[in-house]
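Reviewing the structure listed below.
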There are 2 protein chains.
Amino acid sequence: MTQLQRRRIPDAAVARLPVYLQILNNLLATKVSRFSSDELAALAGVNAAKVRKDLSYLGSYGTRGVGYEVTYLIHQIKRELGLMREWNVVVVGAGNLGCALAKFGGFTPRGFPVVGICDNDPKKIGQAVGQLTVFDVRNLQKVVSEFDVTIGAITTSTTSAQAAADALVDAGITSILNFAPIVLATPSSVSVRNVDLGVELQILSYYEQMRSEQHAPVG
Amino acid sequence: MTQLQRRRIPDAAVARLPVYLQILNNLLATKVSRFSSDELAALAGVNAAKVRKDLSYLGSYGTRGVGYEVTYLIHQIKRELGLMREWNVVVVGAGNLGCALAKFGGFTPRGFPVVGICDNDPKKIGQAVGQLTVFDVRNLQKVVSEFDVTIGAITTSTTSAQAAADALVDAGITSILNFAPIVLATPSSVSVRNVDLGVELQILSYYEQMRSEQHAPVG
DNA sequence: ATGCCCTAGTGCAGAATTTCACAAACTCGC
DNA sequence: GCGAGTTTGTGAAATTCTGCACTAGGGCAT
């Protein structure tokens with residue numbers, strides 16, 4: 001490696017940058033041109049020192065006594081997150097969720113166009129989903145290289161999810177967004193992020209129960 | 001408070017318990033009756049010591065030299081997460097996602113039945129969504145108390161999300177699952193969990209970019 | 001019964017993250 | 001130009017989380 005390849009940003013901070021970006025885009029829409037770490041902290045629901053530290057990983061882009069420039073910060077966060085280019089997404093699994101993702105155009109403006117959707121069910125292959133046509137998962141590799149796809153979204157049933165992951169990895173995908181409630185086995189070189197509503201609900205349930213026990217504590 | 005209200009489980013561990021539970025349910029389905037921390041760790045993709053420590057927060061339910069009993073552990077995790085009862089969910093926002101959630105029956109068997117869906121659009125109110133009928137968001141409070149709802153899912157547009165949150169809080173909801181890409185302002189007594197696919201994609205994008213820069217490092 | 005083997009449970013050290021607190025530095029008014 | 005008022009950037013402390021490494025203790029073969 002040439003050097004420390006780049007100033008490494010802590011994982012916890014990386015997960016917050018998209019939230020800041022979202023807020024800054026909203027500020028931009030309301031014609032705000034400057035903000036302080038205190039303001040952003042309030043909007044993001046975090047500590048102001050954390051905001052400053054997070055932003056300092058990008059470089060020193062604030063002005064003491066003044067604050068940060070909205071447009072400039074947006075640019076810097078985008079650069080750091082790799083949002084200066086588009087990242088093509090392919091969906092595996094043409095069920096309700098998969099089709100909803102494919103039809104939902106909301107990711108294209110944010111830099112993540114869904115360029116394909118596939119399935120292994122012959123009845124689904126060939127069907128139209130929004131602008132796309134469901135293709136055979138066996139052609140995944142071809143589509144991935146043709147469209148230069150880097151991100152795969154798994155929206156299959158739980159039972160097919162691991163096979164879908166294997167297919168994506170074989171096809172050369174290195175980032176996976178997994179909606180199936182299962183822990184995927186993948187090479188360590190592949191990034192996986194899980195979105196499992198059941199897990200989220202259960203976490204809420206825990207804290208909900210905590211509260212109710214606090215009010216009516218019984219042994 | 002009577003006492004330390006209960007042995008408090010670290011947040012990081014709480015977030016992993018649902019994952020363990022998922023895996024244990026799968027083990028149960030494959031007739032496995034016992035497991036070791038090593039096995040569960042491999043399936044969950046974490047360290048074995050972490051598994052043991054996480055499970056130890058529930059109590060000492062393992063047997064040294066042997067391992068843990070699947071059914072017993074499932075019971076204990078469910079108890080701790082508050083899954084011995086059902087938690088009714090109401091959906092605010094009858095768009096694509098909201099309707100999908102309402103129709104998707106997959107949460108009922110996991111203890112989170114969707115008992116209602118509402119909207120503020122007169123054109124949507126009264127329409128059927130699966131077994132349910134879209135009701136007016138102004139009747140939220142009535143529905144919440146009538147069905148003893150504790151969790152609200154926000155699937156509105158970004159612009160309506162804060163109003164939806166306010167309505168849920170006013171109606172007495174204390175847990176919110178938010179799908180809108182916005183940081184909600186809520187009382188600290190309310191738990192909020194955000195599910196934002198844009199954020200997830202951007203996090204993937206960051207690590208994807210890191211990898212590509214590592215391979216072709218240019219200043 | 002005894003001893004070996006295995007695995008849970010856990011103290012502790014190290015890593016990661018959060019938060020504090022303050023110096024550095026910029027703007028503005030005079 | 002200078003001082004007052006702000007707000008960033010960041011060492012350092014505090015907290016939380018992780019993972020090692022070892023102890024405790026149950027099962028099983030003999």
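Because the structure is a prediction, the values reported are computed rather than measured. Here is how names work: the chains are called A, B, and so on, in the same order as the sequence lines, proteins then strands, and each is numbered from 1.
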Q) Do A:D119 and A:T156 have side chains that get closer than 4.5 Å, going by heavy atoms? A)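 The answer is no; the side chains never approach within 4.5 Å.
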Q | A:V92 side chain near A:L168 side chain, heavy-atom distance below 4.5 Å | A |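 The answer is yes, as the side chains (C-beta and beyond) meet within the 4.5 Å cut-off.
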(Q) Nearest 0.5 Å, please: how far is OG1 in B:T150 from CG in A:L204? (A)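 Going from the CG atom of A:L204 to the OG1 atom of B:T150 covers 9.0 Å.
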Q: Measure the acute angle between the ring planes of A:Y68 and A:F35, then classify it against the limits of 30° and 60° as parallel, tilted or perpendicular.
A: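 Plane angle under 30°, so parallel.
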Q: Determine the interplanar angle of the A:Y72 and A:H75 rings, folded into 0 to 90°, and report it as parallel if under 30°, tilted if 30 to 60°, perpendicular if over 60°.
A: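 The rings of A:Y72 and A:H75 lie parallel, inter-plane angle below 30°.
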Please report, rounded to the nearest Å, how far the [atom2] atom of [N] is from the [atom1] atom of [X].
X: A:L58; N: D:dT8; atom1: CG; atom2: C1'; answer: 14 Å
X: A:L55; N: D:dT8; atom1: CG; atom2: P; answer: 9 Å
X: B:R64; N: C:dA8; atom1: CZ; atom2: P; answer: 10 Å
X: A:Y61; N: C:dC26; atom1: OH; atom2: P; answer: 17 Å
X: B:L17; N: D:dC17; atom1: CG; atom2: P; answer: 13 Å

Q.
Near DNA chain D, counting only heavy atoms under 4.0 Å, which residues of residues 18-41 of chain A show up?
A.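 Going residue by residue through residues 18-41 of chain A, the ones with a heavy atom under 4.0 Å of DNA chain D turn out to be A:S36, A:S37.
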Q: Using modelled atom types only, decide if a donor and an acceptor are shared between the side chain of A:N194 and the backbone of A:D196 within a distance under 3.5 Å.
A: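 No; judged by distance alone, with no hydrogens or angles, the pair does not exist.
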Got a list of protein N/O to nucleotides 16-22 of chain C N/O distances below 3.5 Å?
| residue | atom | partner | partner atom | Å |
| --- | --- | --- | --- | --- |
| C:dT18 | OP1 | A:R16 | NH1 | 3.1 |
| C:dT18 | OP2 | A:R16 | NH1 | 3.1 |
| C:dT18 | OP2 | A:R16 | NH2 | 2.8 |
| C:dT19 | OP2 | A:K50 | NZ | 3.4 |
| C:dT19 | O4 | A:K53 | NZ | 3.1 |
| C:dC20 | OP2 | A:N47 | ND2 | 3.2 |
| C:dA21 | N6 | A:R52 | NH2 | 3.3 |

Q) Quick check: are there more than 12 heavy atoms from other residues, nucleotides or ligands sitting under 6.0 Å from CG of B:N96? A)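 It does not: B:N96 CG has 12 such atoms or fewer within range.
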**Q.** N or O in side chain of B:Y68 less than 4.0 angstrom from D:dG26 OP1/OP2
**A.**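 No, B:Y68 has no side-chain N/O under 4.0 Å of OP1/OP2 on D:dG26.
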**Q.** Distance-only donor-acceptor check, side chains A:Q162 and A:D166, under 3.5 Å
**A.**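 The answer is yes; a qualifying pair exists.
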Q.
At 4.0 Å (heavy atoms only), tell me whether B:G62 reaches a base, stays on the sugar-phosphate, or touches nothing.
A.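 Here B:G62 touches the backbone only, sparing every base.
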